[in-house]
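The structure appears right after this line, and notes come after that.
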Amino acid sequence: MSTGLIDNGSNKIYDETEIAQNFKEGEAIEKEENHRVHKTFTSQENPEHVQEDGNREAAAIIDMKFKKKKALLEFRCMVEDAVLGNYLLGKPPRSHSPKEAALARSQLKKITLWGVPLLPSKAHEGTDIVLLKFLKAKDYKVHDAFEMLRKTLKWRRDYLADLIQEDGLDPDVGKLVYSNCKDREGRPLYYNVCGAFKNRELPKKLVDLEDLCDQFIRLEVKFMEKGIKELNFKPGGANSIVQIIDLKNSKPPDIKKFRVVSKKTVMMLQDNYPELMHRNIIINVPFWYYAFHTVASKFLSPRCKRKFVFARPAKVTKTLLKFISPENLPVEYGGLYRENDEFFPEDRTSELIVRKNTAGSVRIPVAETGVTMMWDLTVLGWDVSYKEEFIPDDEGSYRVLLQSEKEKKGGEGESMRNSFYISEPGKIVITIDNVTLKNKRVYYRFKTKPTVPMYTVSKE
């Protein structure tokens, strides 16, 4: 009777199943490697095969570009005919007199969408960019894109989207959405902060008052319209928006019905603002939200689904920095941006990598005296200790300890800011000690500002 064990004479016992599994794995790896080697030798011996594959790939790309250009040309013709034929927004009433029909046709020629003329014959540089957004949303199916455009225009007319104002919005709803700065490509950013619901009074009002729910949707439209005004519908310009949804402090029982409103909002944005949302970044994602998103995403197109990015609390800063530069990322998310700040987004940041189990330093030389040196610094993930000091160039002068060695834990994301009046040439030295097993990324910036010493002011 077999025991299923094999002794190879070296005091090691091997299981037959394990040997068979390893053997199969080895065969698979060998087969894959042989295929790779064979492909390499075939390519070397028959370079015409490689060239043929490359030609086929290039031909496919050219064919795809041709189909997209053909779709755009056909779409432009359909829009032109619909405008000149006075049926872009539907067939005109039969009761219209010839004079009224001519007036309606004349007004339709002036129609715009997002501030861009839609009549292709006007040759506006933004017309094709707007039309392409509808084509992309419908996978370059011209008739579907045309119907989507017509529905969007009718919705904007009925909803008065061009004239929407925030007057009359409930102040509590106004806390949910705010905008500032731009991403790394110049796209406008706006934040949807569900953390405002940590006060249980707010969600209660939202589920009890349907009018307030409508105000929230109008608020989303208002901010989309505001963001659109910042877009540049020109070749190479930023023509889409980045939305950041913060789910910190949100709980399923508190926003259960509000999620229905969110779903309606997403559908409204998808149907009437195609390809204007470049990215939806959802941060501080709790586990319950994944199940909710799985259900809600059934109503989204594949293109919209690909635009979602999720970040758990520990990965928020790292995720946002992929899309937003440190000087444009708010301090509450680990960046350097503050409202009404002495630093500006134009004050670019520098970067330093501190290797694991080592110490790194930021050195800021100051040759000019009679000024105040300001600096701003953040470390991705923190879990480091640091100190700040001023070291004079004159060896006979004393060093000034500006910040004694202090530990900064991982959860403490806000940047550290300090300043020092320079009375003699020297340098600011900030030492970051990384005792972890991971490299740390440091972002910092600095600037000087003219300062009148306090003793001079007192003397005067």
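None of the values given here were measured: they were computed from a predicted structure.
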Exercise. To the nearest 0.5 Å, tell me how far Arg348 CZ sits from Ser325 OG.
Key: 5.5 Å
Self-check item: Asn272 (side chain) donor-acceptor with Met268 (main chain) under 3.5 angstrom
Solution: yes
Self-check item: Any donor-acceptor N/O pair, Asn439 side chain to Lys356 backbone, under 3.5 Å
Solution: yes
Quiz item: Got a salt bridge between Arg76 and Asp128, using NZ or NE/NH1/NH2 to carboxylate O under 4.0 Å?
Solution: yes
Quiz item: Short question: side chain of Thr152, backbone of Asp271 - any donor-acceptor pair under 3.5 Å?
Solution: yes
Quiz item: When you measure from the centre of the six-membered ring of Phe223, is the NZ or CZ of Arg218 under 6.0 Å away and within 45° of the axis?
Solution: no
Quiz item: What pair of heavy atoms forms the shortest contact from Pro313 to Asn284, and how long is it?
Solution: CA-OD1, 3.5 Å
Quiz item: Does Glu275 offer a backbone N or O that forms a donor-acceptor pair with the side chain of Lys136 under 3.5 Å?
Solution: no
Exercise. First locate atom CG of Leu119, then atom OG1 of Thr112, and finally report the distance between them rounded to the nearest 0.5 Å.
Key: 12.0 Å
Quiz item: OG1/Thr448 to CD/Glu368 distance, rounded to the nearest 0.5 angstrom?
Solution: 6.0 Å
Quiz item: Between Glu230 and Tyr190, do the side chains contain an N or O donor and an N or O acceptor separated by less than 3.5 Å?
Solution: no
Self-check item: Row check, Phe343 ring normal vs Arg417 NZ/CZ: under 6.0 Å, within 45°
Solution: no
Quiz prompt | Electrostatic pair Lys67:Glu74 at N-O distance under 4.0 angstrom | solution = no
Name every donor-acceptor pair, under 3.5 Å, that has one atom in a side chain of residues 358-365 and the other anywhere in the protein, sequence neighbours excluded.
from, atom 1, to, atom 2, distance (Å)
Thr358, OG1, Arg355, N, 3.4
Thr358, OG1, Arg355, O, 2.6

Practice problem: Would you sort out whether Glu80 and Ser121 count as a side-chain hydrogen bond (donor to acceptor under 3.5 Å, both in side chains), showing the intermediate values? | Solution: CA-CA 7 Å; Glu80 185 86 15; Ser121 57; 2.8 Å; yes
Exercise. Rounded to the nearest 0.5 Å, what's the gap from NZ on Lys440 to CD1 on Ile353? Could you check?
Key: 11.0 Å
Donor-acceptor pairs under 3.5 Å, side chain of residues 101-111 to any protein atom, not counting sequence neighbours: which ones?
from, atom 1, to, atom 2, distance (Å)
Arg105, NE, Leu84, O, 3.0

Quiz item: Under 3.5 Å, is there a donor-acceptor pair linking the side chains of Tyr333 and Asp246?
Solution: yes
Exercise. Determine whether the side chains of Asn239 and Lys133 contain a donor N or O and an acceptor N or O closer than 3.5 Å.
Key: yes
Quiz item: Between CG of Asp376 and CZ of Arg445, what distance do you get to the nearest 0.5 Å?
Solution: 5.0 Å
Self-check item: Presence of salt bridge, Glu225 and Lys222, under 4.0 angstrom
Solution: no
Self-check item: All pairs passing ring-ring contact (aromatic ring centres under 6.0 Å, His included) where residues 105-127 contributes a residue, at least two apart
Solution: Trp114-Phe134
Quiz prompt | Whether Asp158 side chain and Trp155 backbone form a donor-acceptor pair below 3.5 Å | solution = no
Quiz item: Hey, is the main chain of Tyr87 close enough, under 3.5 Å, to the side chain of Arg150 for a donor-acceptor pair?
Solution: yes
